[in-house]
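Only one structure is covered here, and it is reproduced in the block below.
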Amino acid sequence: MASEPEKVVSPVEAPVAERPPEKAAPPPSTTQPTDYFAVADVVLRLLVFASALVSVVVMSTSKETEMLPNPRLAKFTQSPALIYFVAALSVAGFFSLITTLGSLYSLIKPGCCAKIISHFIIIDVLLLGIVASATGAAGSVTYVGLKGNTYVGWRKVCTLYGKFCRYLGASIGVSLFASVMLVLLVLLSVYSLSKKIPK
């Protein structure tokens with residue numbers, strides 16, 4: 001008598017606990033962290049442009065006529081040092097505007113930053129030399145006008161042309177501020193460039 005095949009009883013499957021749905025990972029952020037050095041660079045360049053513009057406008061409008069025995073006009077075109085001052089500050093304002101646009105571009109596209117910064121350092125040092133020399137030249141002329149020079153017989157003219165001398169002083173003060181901003185720009189650019197050199 002043949003034996004019947006044994007029936008294999010499948011074990012009862014234990015209920016599988018359902019896992020909670022996994023949270024989707026947040027998408028990677030496409031915005032890059034803010035480069036505060038680049039922002040400071042843009043702000044300083046705007047300040048250089050604004051101070052150069054104000055200095056040129058104030059110097060260009062500095063004129064005064066005094067009724068001496070004959071009417072005499074005092075204006076900046078009568079001094080080569082003051083003409084050089086206006087030309088130098090105009091060049092500084094023009095190039096600071098161009099470098100501000102370049103700095104904004106490097107802020108938007110930071111990949112080209114190192115090359116732009118290296119060019120900016122050269123431009124900033126040249127502008128610093130030009131602005132500082134023009135400020136010194138105009139300051140010496142204004143000082144002679146304010147104090148005179150008894151050794152060569154130059155009289156004080158600021159006692160007669162007070163408004164003219166006040167305009168000169170204000171313009172020179174603003175250009176001195178531009179010189180300080182250019183010094184800060186050079187230091188900031190050198191520091192930013194040194195941070196990008198691989199160690």
Side-chain angles (χ1 to χ4, degrees), residues 39-104 117 119-191:
V39 173
D41 187 72
V42 172
V43 171
L44 286 174
R45 291 184 190 283
L46 284 173
L47 287 174
V48 171
F49 170 71
S51 57
L53 180 64
V54 169
S55 188
V56 168
V57 169
V58 171
M59 182 64 78
S60 300
T61 57
S62 62
K63 57 183 177 180
E64 185 178 5
T65 304
E66 282 298 324
M67 300 303 292
L68 298 170
N70 296 317
R72 289 192 178 180
L73 175 67
K75 57 188 304 187
F76 80 96
T77 55
Q78 296 168 345
S79 170
L82 299 182
I83 294 172
Y84 169 62
F85 178 86
V86 171
L89 269 293
S90 300
V91 170
F94 175 71
F95 275 102
S96 63
L97 183 60
I98 291 176
T99 55
T100 300
L101 297 176
S103 188
L104 281 171
I117 288 175
H119 289 97
F120 281 177
I121 292 174
I122 298 170
I123 294 173
D124 292 340
V125 169
L126 289 174
L127 289 180
L128 176 59
I130 292 171
V131 172
S133 66
T135 304
S140 64
V141 170
T142 306
Y143 181 81
V144 170
L146 181 65
K147 298 291 186 179
N149 191 326
T150 56
Y151 295 104
V152 293
W154 293 341
R155 294 178 300 170
K156 302 176 184 179
V157 296
C158 287
T159 54
L160 297 174
Y161 299 97
K163 177 186 171 185
F164 176 70
C165 288
R166 283 194 299 272
Y167 273 57
L168 293 186
S171 181
I172 292 167
V174 175
S175 70
L176 189 60
F177 174 77
S179 299
V180 173
M181 293 299 105
L182 283 168
V183 170
L184 293 178
L185 269 175
V186 171
L187 294 176
L188 180 67
S189 298
V190 170
Y191 182 75

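Just so it is clear, the model here is predicted, and its values are computed rather than measured.
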* Would you check if Y84 and S133 make a side-chain contact, meaning some heavy-atom pair closer than 4.5 Å? => yes
* To the nearest 0.5 Å, what is the distance between NZ (K75) and OG1 (T61)? -> 11.0 Å
* **For the student: nearest non-hydrogen atoms of A88 and A134, plus distance** => CB-CB, 3.6 Å
* Can you measure from CZ (F120) to CG (L188) and round to the nearest 0.5 angstrom? => 12.0 Å
* Which atoms form the tightest heavy-atom contact between L89 and S55, and what is the distance? -> CG-OG, 4.1 Å
Residues 172-185, side-chain donor-acceptor partners within the protein, below 3.5 Å, at least two apart:
{"residue": "S175", "atom": "OG", "partner": "T135", "partner atom": "OG1", "Å": "3.1"}
{"residue": "S175", "atom": "OG", "partner": "I172", "partner atom": "O", "Å": "2.8"}
{"residue": "S179", "atom": "OG", "partner": "S175", "partner atom": "O", "Å": "3.2"}

* Asked: Atom CG of L127 and atom OG1 of T99: how far apart are they, to the nearest 0.5 Å?
  -> 7.0 Å
* To do: Please report the closest heavy-atom contact between F164 and F76, naming both atoms and the distance.
  => CE1-N, 3.9 Å
* Residue pairs passing the salt bridge (Lys or Arg N to Asp or Glu O under 4.0 Å) test where at least one lies in residues 39-62, sequence neighbours excluded -> D41-R45, R45-D124
* How far does OG1 of T142 sit from CG of L146, to the nearest 0.5 angstrom? -> 8.5 Å
* **Closest non-hydrogen atom pair, A81 against V141** => CB-CG2, 3.5 Å
* Structure fact -> Applied to residues 127-180, the disulfide bond (SG atoms under 2.5 Å apart) test, sequence neighbours excluded, yields C158-C165
* Donor-acceptor contact present, side-chain S171 to main-chain Y167, <3.5 Å -> no
* Do L168 and M59 have side-chain heavy atoms sitting under 4.5 Å apart? -> yes
* Asked: Of the non-hydrogen atoms in Q78 and P80, which two are nearest, and what is the gap between them?
  -> O-CD, 4.2 Å
